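What's counted below: heavy atoms across the whole structure, side chains too, no hydrogens, waters or symmetry copies. Chain letters run A, B, ... following the sequence lines, proteins first, then strands; residues in each count from 1. Computed from a predicted structure; not experimentally measured.
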Amino acid sequence: MKRLVLRSLFTALVLAACALSANLASAQNSYVIGYITDLSGPLADSYTPTWEGFELYIKALNDRGGIGGKKIDVVLDDDGLKADRAVAAAKKQVERDNVIGIFGLSLSSTQGPVYVEMRKAGVPVVTTFSGILDALPPAKPFSYSAGVVFEVAGEAIGELIKNIKPNGKVVGMTFDSVGGRAAISHNKRMVESLGYTWDEVIFPVTTSDFTPFAQAAVEKKPDIVVGHYGSGQNLGVIPALRRSGYTGPYVVASYGVTEDTVRQAAQRAGNDQNVYYVTRYSTVYDSNPAVAEVAAAQKKYGTSKPFSSMHLTGWALGRFVESALKACGWPCSREKLDNVIQTLKVDVSGLTGGPIEMSPQDHYGPSYWRLYVWNESAKKMEPKGDWLKKTALKFPVQ
Amino acid sequence: MEFAATVVILTCTYALLAAGIVILYKAGRVVNFAHGELAIVGGYVFYSSGLMAGDESLWLAIAGALAFSIVMGLVIYMTMMRRLVGEPFYVAILVTVGLGIVLKSAILVIWRAERLTIDVGVAPALRLAGGASLSYMDIVSVLLTIAFFAGLYLFFRFTRLGVQFRGTAENALLASQRGVNVNFVLSLSWVIAIMAASLSGVLYGGRAFLSTESVTIGLAGLTAALVGGLDSLRGAVAGAFIVALAQYLTVRLISPVLSEAVPFLLLLVVMSIRPWGLFGTLEEFDRV
Amino acid sequence: MSRAGTNLRTSYLESNEVLHRPYQKVLMAIVLAVAVLLPAATSTYFVHLLDLCFLSAIGALGLMLLTGYCGQISLGHAAFLAVGAFTTVILTVHVRAPFLVVLPAAAVSGALLGFIVGLPSLRFRGVYLAISTLAMHYAIIYLATSYQANFGSSATAGITIPDPAIGPFVLAGDQAWYYFLFVLLILITAACINLTRTRPGRAWMAIRDRDIAAQALGVNLTYYKLLAFMASSALASLSGSLLAYYSNVVTVEKYTLDLAVIYVAMIIVGGMGSILGALLGAIFITLLPFAIDSLFGYLPRAWRFGSTLFGVQVGAVGTCIILFLLFEPKGLAEIWRRMEVYFDRWPFRYRPLETVRR
């Protein structure tokens, strides 16, 4: 028994090792692009629907005949939220699969190393969902983003709070991570410049109970509470805040927080009417043709995750890719794609407040943010105010 | 008032986890590093079984969690732990670590890493002074924990099986010579430990959320067990209380960010003064 | 000249040889030749993977000295990797120190911190020691997070470090790094082998087996335990620093408890108490996720795109660890030894009655 197990294990591993070192040939009659994201790690819940949204768009595009008759081949790899695996996957895709561009990526900690490696290899990388300052002016070559950059989000939220209450005390909460602290610091500067007072509560990444932190926040007597973290923390913090006696407005900063999470959290907190949501891309409750189109695609092809704003994010990236490849023509090389992206303007109306625009110095472009409020009786999110356009950081990072 | 309530509820979560670890250590001298994962998977099973018949059913959920504990306990003991008799202690520990990884992947594969919350009785039940409130779940969780520990006490003290259990914990060889079915007792220790863990997972899912990241509560439970004494149930409760209190005070009085490190720092202090824990027995440290 | 048969040694000089039998020398020559020629024969991607293996091997050797030879369980290895990386950051960014200064500096800072982390080992053993090293891990990571958060310019994605330069040569690209790391690894392995074959190694093994008896025999526990911690953390810091230069980006999120567990898995799967085990374990555990990825890559496209499969890959790593521990607790080194013995005795299957124990 033991020998059998050992020998089969050994054989499997030898085969795997051969598979690893082999050089694979690749098809040459389609556009080959790569997509690397977290499909099995801690944030798979948020990154998987983003990928699915992208996949839906590509599937629909291929069914329409592709671009000029050429289909799009997406090479998918999982990085498990580990920078090492992301970099290895990127190198593999560049070398063995011959991709002309890499898209998606996951949390900011994996983006930095991939950007650096792909800059050396001369492959354009466009991230969505999250983003890092490499894409903001002065932009680093080959690094682009269509996602949410912590610093920008922090400032945007600071401005949008005006729609809830024009003044008062704002308490920001986040967990102890570099991204969270960055968001908080920009949020703080923005609200203070608008006349609010500020305090903050930072808790560890892994906590057993959110109640003590909620109580610490409530103790500071906030008029508005803003939460800069992901789905799970919101689920824990919102009920904890209500349990501790805070009844005021709470703003969910959307770093991959789905509408479902907000719905669940509001329900847990006893049918809360005071939960707000700030996001770069629309929510699934928006009734406009673009969202309807994505919803139809989702029904047609099916996804494993429930329909959410993440799918819209991925779909927008799909739109971006189509525009880029169309402009690039055939055959498209990495350099050509990079040049094309640098001056790209993509119409994503309905999915966000305005087009995604890249320029040679600014690989992020203006971003549009909107405040929504959760309407418990109608069980949907409603926009509160119009889209806020952010063209640059008000408090640039030195 | 809300301070006391929060600390008590946190103690319950840790105490249940610590109890499981203590039971496993006492019976089989195994330090289970997969306890957090077992707790969270137990919570997931509870959630899914409750939804199995279409409509939310508490009884199905409980039944599912119980079945999970029994099956998992038997499988772990029979396939893995039993084979490791005689190996150095770190082998068993690393097997539990590997088990933890496998359980985490189960969450990914079966439940697609969905973030779940267990919303049984979260409506406010008791209004406290100052605007805070306790939910039904909070009250029930405290009662359940007390009931669990009382049950364990009665079991070990007054039932025949409990006495056999204590005998095996003292000296497994001698117990088996006297006719105790050691395999049965050890499997049972795993089953009970996983039941405690699942209960803790359910309570955690009620107050926070279940996901692949939540599994780190296992470490907090482990430190609570170590502070109280790795082989003392009384110590499990005491350790849990001290850790919960220390964490809470750190958050409110010092700095919220440090509360993650507090259990370990506390452990360092306790171990410098009394390495075998507050209520533990001084034993030959070689096996530890 | 060992005419007395391949098992017997006839002089002190011979007994000190690392490669004693002819076949060992031949094998080593073949391995070296393959290693030197490998980058030319395979893809850059594979060379990149091998670079990662070499980097982890350096860290694994450190942990093997501490846990495999000295018996002190440590879960703080990830923290020392972080120490090396952040020392590199501080020295390159603030002081602009050159590569050849930073590497030893990282090792020294690692050793210093190792001294502090090793202090609890004078009092605790086993699980308790592991947990106290865990406390140190959290403390160090907290400091690192604060540093990165207060870094000033954009550090959400990590802090960038330029490619290192040795004199006029810039060390960049997987191939160049491969040769550099290979030579470095050989030197470090030789150093570790020497450590284990001389007094520190013997003292460590005595401590591991029965420290009270060792003390009774005159082994200074304090000195050797702390030495083990310092050696281990120096190597870990070195590895962390090299990795920082290799990937050009340092971010604290990389150094999790999971990483420490992975290193422990490396030495256990490799085989505790053997240098070869550290190397084999490091290569095995580093390559395992990638190997499984590529195996799964042969499955039909439609299956791959369901994210469930990625969860299965994660589980496969855990299952491998469990299977190894259940069926081969002495690790890969033991399998290697069995193969050696098999070839050594061939065509006989059993040991001759009179033999000198190796």
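- When each of A:T261, A:N234, A:L235 is checked for a side chain to side chain contact (heavy atoms under 4.5 Å, CB included) with B:F209, only A:L235 meets the rule.
- Chain A forms the most heavy-atom pairs under 4.5 Å with one residue out of B:I217, B:T6, B:T117, and that residue is B:T117.
- Between chain B and the residues A:V218, A:D260, A:I202, the largest count of heavy-atom pairs under 4.5 Å involves A:I202.
- Interface residue A:Q264: only side-chain heavy atoms are found under 4.5 Å from chain B.
- At a threshold of 4.5 Å between non-hydrogen side-chain atoms, the residues B:V251 and A:F203 do not count as touching.
- Among the candidates A:P239, A:G236, A:A216, the residue making the largest number of heavy-atom pairs closer than 4.5 Å to chain B is A:A216.
- Taking CD from A:Q215 and CZ from B:F3, the interatomic distance works out to 9.5 Å, rounded to the nearest 0.5 Å.
- Summarising the geometry, atom OG1 belonging to A:T211 is positioned 7.0 Å from atom CD1 belonging to B:I9; distances are rounded to the nearest 0.5 Å.
- The side-chain heavy atoms of A:D209 and B:Q247, taken from C-beta on, include no pair separated by under 4.5 Å.
- For B:T13, no part lies near chain A; criterion is any non-hydrogen pair under 4.5 Å.
- More than 12 heavy atoms of other shown residues, nucleotides or ligands fall within 6.0 angstrom of atom CZ in B:F148.
- Both the backbone and the side chain of A:F213 come within less than 4.5 Å of a heavy atom of chain B.
- For a residue to count as touching a neighbouring chain, one of its non-hydrogen atoms must lie under 4.5 Å from one of that chain's; by this rule A:Q233 touches chain B with backbone and side chain alike.
- Taking each heavy atom of A:P204 and B:P256 in turn, the nearest pair found is CD-O, 3.3 Å.
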